[in-house]
Amino acid sequence: MKTLLRPIDNAILVYFRFFAGILLAWELVSDLMQGALREYTTSDFHFSYLFFDWIRPWSEWGMVAHFSLTIGAGIFVAFNFCYRLSSILLFLGYASLFLMEKAEYINHIYLYTLVAFWLMVLPLNKKRGEAPAWILYLLLFHISIVYLFAGIAKINPDWLSGNTMNHFLMSRGWNKPEWGQYLAWAGMLFDLLVVPFLLIRFTRPLAFLAATVFHVSNAFMFGLATFPWFALMMTAMFFDPSWPRRFYPKLIPFNKYIRFFRLPALTPLIALYCILQVLIPLRLHLYPGDTLWTEEGHMFAWRMKLRAKSGNVHYFVKNKFTQEVRIISPQSYLTPKQYRTLVGRPDQILQFAHYLRDEFKETLGWSVEIRASSMVGVNGSGLKEMIKQGVDLAQEKRKLGPYSWIYRSPK
């Protein structure tokens with residue numbers, strides 16, 4: 001308790017608030033520049049998370065306003081202007097964008113949504129000279145679990161053989177297959193060791209240098225929008241909490257009086273939150289089969305750059321009374337990005353089948369059976385069928401548990 005409550009220099013929290021607000025705002029600006037708006041407005045159908053299908057995108061101008069308001073809220077948070085209202089708008093804006101379209105899922109947007117929540121909850125707008133250490137530890141916890149689980153996820157044959165990395169390099173024009181295995185092992189070892197090395201004062205500068213090389217090279221090789229810079233920003237928070245004060249000493253009055261802080265009444269909930277953040281990535285071990293293939297347990301587990309899927313999906317819609325069958329190609333309903341995420345992802349395949357069931361019922365009055373075929377290749381492997389024959393997806397229900405109508409491994 002003394003460690004959690006010990007006073008630290010508040011400069012590190014001001015540093016975090018400023019750069020988190022700026023980077024969260026810039027992420028959305030970058031998304032708009034890359035055409036993300038049309039992913040919310042072009043298609044009438046949107047993939048949703050289980051239990052959150054009631055959250056739907058706005059009209060085009062509504063989405064423009066949504067992005068604009070959230071970007072503005074991030075900037076206001078950074079500059080501590082109307083902080084409480086701005087942080088609430090930032091969290092609500094990010095969380096709703098995240099939930100509106102499952103095809104837009106990226107690990108670092110999930111991280112940003114969690115961070116936006118704590119920007120809203122924590123007293124990061126205070127201009128006092130000191131703060132309790134537990135606030136800093138809670139923030140460092142987030143980047144630590146990202147590194148740790150990203151490293152654990154890489155301990156699999158496909159990654160360690162260099163096959164996954166070679167596939168990503170070749171897709172970006174890097175025709176250096178001999179680099180793949182070396183880069184794969186370097187990435188795994190970095191993710192697993194960087195946090196322990198950051199926690200040791202003697203090895204901290206070396207770990208931060210390695211993090212700089214790692215994230216800057218990722219930015220050049222894979223893009224990843226603002227995430228490399230966000231990760232570096234948070235990695236720098238392992239250093240002494242007073243170091244940002246050297247760059248803006250006049251912005252934060254330093255009070256040498258040591259305050260005694262209490263943990264908030266929500267301490268049990270914060271502890272439960274941290275436990276859940278450790279358990280959720282481990283849930284994939286409750287599902288049978290290979291997660292790279294089944295996708296079950298993949299999301300929210302910090303499994304970064306582990307697989308690229310290719311293939312196709314077709315649906316066969318059969319009128320129960322007339323026996324008429326129509327072959328449906330999802331590309332005519334979905335954006336290219338939505339279709340790419342549909343291939344090889346059982347929950348999205350099932351959700352789109354339900355959409356077709358309801359669409360045929362509403363427009364044609366058909367009561368239908370729906371079967372599907374999804375030929376899938378992982379990291380450049382040959383295409384294999386994922387869905388068992390004869391399964392009527394119109395009757396299957398979305399659920400958290402494993403789906404019995406898919407093959408657990410490539411056949």
Side-chain angles (χ1 to χ4, degrees), residues 3-28 69-99 106-128 130-149 195 198 226-227 229-238 241 244 252 261-281 300 302:
T3 299
L4 291 174
L5 293 175
R6 72 179 181 88
I8 62 169
D9 195 327
N10 193 50
I12 196 68
L13 302 183
V14 175
Y15 156 86
F16 170 77
R17 186 197 70 223
F18 177 79
F19 284 103
I22 292 295
L23 289 171
L24 265 63
W26 180 247
E27 176 70 27
L28 297 185
L69 189 63
T70 310
I71 291 168
I75 295 172
F76 280 13
V77 163
F79 289 96
N80 202 20
F81 182 75
C82 296
Y83 182 82
R84 193 54 57 198
L85 175 61
S86 299
S87 61
I88 292 172
L89 292 175
L90 180 64
F91 169 67
L92 293 177
Y94 252 91
S96 53
L97 281 173
F98 180 78
L99 294 171
I106 306 176
N107 282 289
H108 70 262
I109 299 299
Y110 171 49
L111 174 63
Y112 289 1
T113 303
L114 298 177
V115 166
F117 172 78
W118 288 108
L119 283 168
M120 176 181 68
V121 172
L122 297 174
L124 301 182
N125 58 325
K126 305 299 183 182
K127 292 186 177 180
R128 58 195 176 199
E130 293 171 338
W134 68 264
I135 297 178
L136 174 61
Y137 296 156
L138 179 62
L139 297 174
L140 292 179
F141 167 76
H142 285 84
I143 193 64
S144 298
I145 60 170
V146 172
Y147 280 133
L148 175 64
F149 282 109
V195 172
L198 285 167
T226 60
F227 177 67
W229 319 116
F230 186 89
L232 274 178
M233 180 272 291
M234 294 204 72
T235 303
M237 293 173 67
F238 281 89
I252 311 173
F261 302 98
R262 295 181 179 180
L263 282 172
L266 295 178
T267 300
L269 293 180
I270 295 175
L272 177 61
Y273 168 88
C274 292
I275 292 171
L276 286 175
Q277 290 302 319
V278 174
L279 293 179
I280 288 173
F300 314 112
W302 312 113

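Predicted model only: the values in this text are computed from it and were never measured.
- The distance from the OG atom of S144 to the CG atom of L139 is 10.5 Å, given to the nearest 0.5 Å.
- Note that CH2 of W118 and CD1 of I270 are 4.5 Å apart. Values are rounded to the nearest 0.5 Å.
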Let me see the working for L124 and I135 under side chain to side chain contact (heavy atoms under 4.5 Å, CB included), right down to the final yes or no. CA-CA 9 Å; L124 301 182; I135 297 178; 4.1 Å; yes

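- Proximity of F76 to Y83: side-chain heavy atoms (C-beta onward) are nowhere separated by under 4.5 Å.
- If you take CG on L28 and CD1 on I109, they are separated by 7.0 Å, rounding to the nearest 0.5 Å.
- Counting heavy atoms from C-beta on, the side chains of L114 and Q277 come closer than 4.5 Å.
- The minimum heavy-atom distance linking P241 with A11 is given by the pair O-CB, 3.9 Å.
- Between F117 and F91, the two ring planes are perpendicular [angle over 60°; tilted spans 30° to 60°].
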Show your working on side chain to side chain contact (heavy atoms under 4.5 Å, CB included) between S86 and I75 and close with a plain yes or no. CA-CA 9 Å; S86 299; I75 295 172; over 6 Å; no

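- With contacts defined as side-chain heavy-atom distances shorter than 4.5 Å, the pair T70/L89 does not qualify.
- The side-chain heavy atoms of V77 and R17, taken from C-beta on, include a pair separated by under 4.5 Å.
- Between L119 and Y112 there is no side-chain heavy-atom pair separated by less than 4.5 Å.
- Here the straight-line distance linking atom OH of Y147 with atom OG1 of T235 works out to 3.0 Å at 0.5 Å rounding.
- A distance of 8.5 Å separates CG in L97 from OG1 in T113, rounded to the nearest 0.5 Å.
- Side-chain atoms of N10 never come within 3.5 Å of backbone atoms of A131 as a donor-acceptor pair (strictly under, hydrogens ignored).
- For the residue pair Y137 and T3, no side-chain donor N or O sits within less than 3.5 Å of a side-chain acceptor on the partner.
- Checked by atom type and distance alone, the side chain of R84 pairs as donor or acceptor with a backbone atom of M120 at under 3.5 Å.
- Shortest non-hydrogen contact noted between L138 and C274 is CD1-SG, 3.9 Å.
- Between H142 and Y273, the angle of the ring planes lies from 30° to 60°, which puts this pair in the tilted group.
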Walk me through it: do Y94 and F98 pass the test ring-ring contact (aromatic ring centres under 6.0 Å, His included)? CA-CA 6 Å; Y94 252 91; F98 180 78; 9.3 Å; no

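- Side-chain atoms of F79 and I22, non-hydrogen and from C-beta on, do get closer than 4.5 Å to each other.
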Give the intermediate values and the outcome of side chain to side chain contact (heavy atoms under 4.5 Å, CB included) for residues W134 and I8. CA-CA 9 Å; W134 68 264; I8 62 169; over 6 Å; no

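- Tested against H108 for a ring pair (Phe, Tyr, Trp, His ring centres under 6.0 Å), the candidates F227, F230, W229 yield a single pass: F227.
- Between atom CE of residue M233 and atom CZ of residue F16 there is a gap of 5.5 Å, rounded to the nearest 0.5 Å.
- L13 is not listed as a side-chain neighbour of L122, based on a closest heavy-atom distance of 4.5 Å or more.
- Considering all non-hydrogen atoms of both residues, P281 and L276 come closest at CD-O, 4.3 Å.
- Contact check for L148 versus V195: no side-chain heavy atoms found under the 4.5 Å cut-off.
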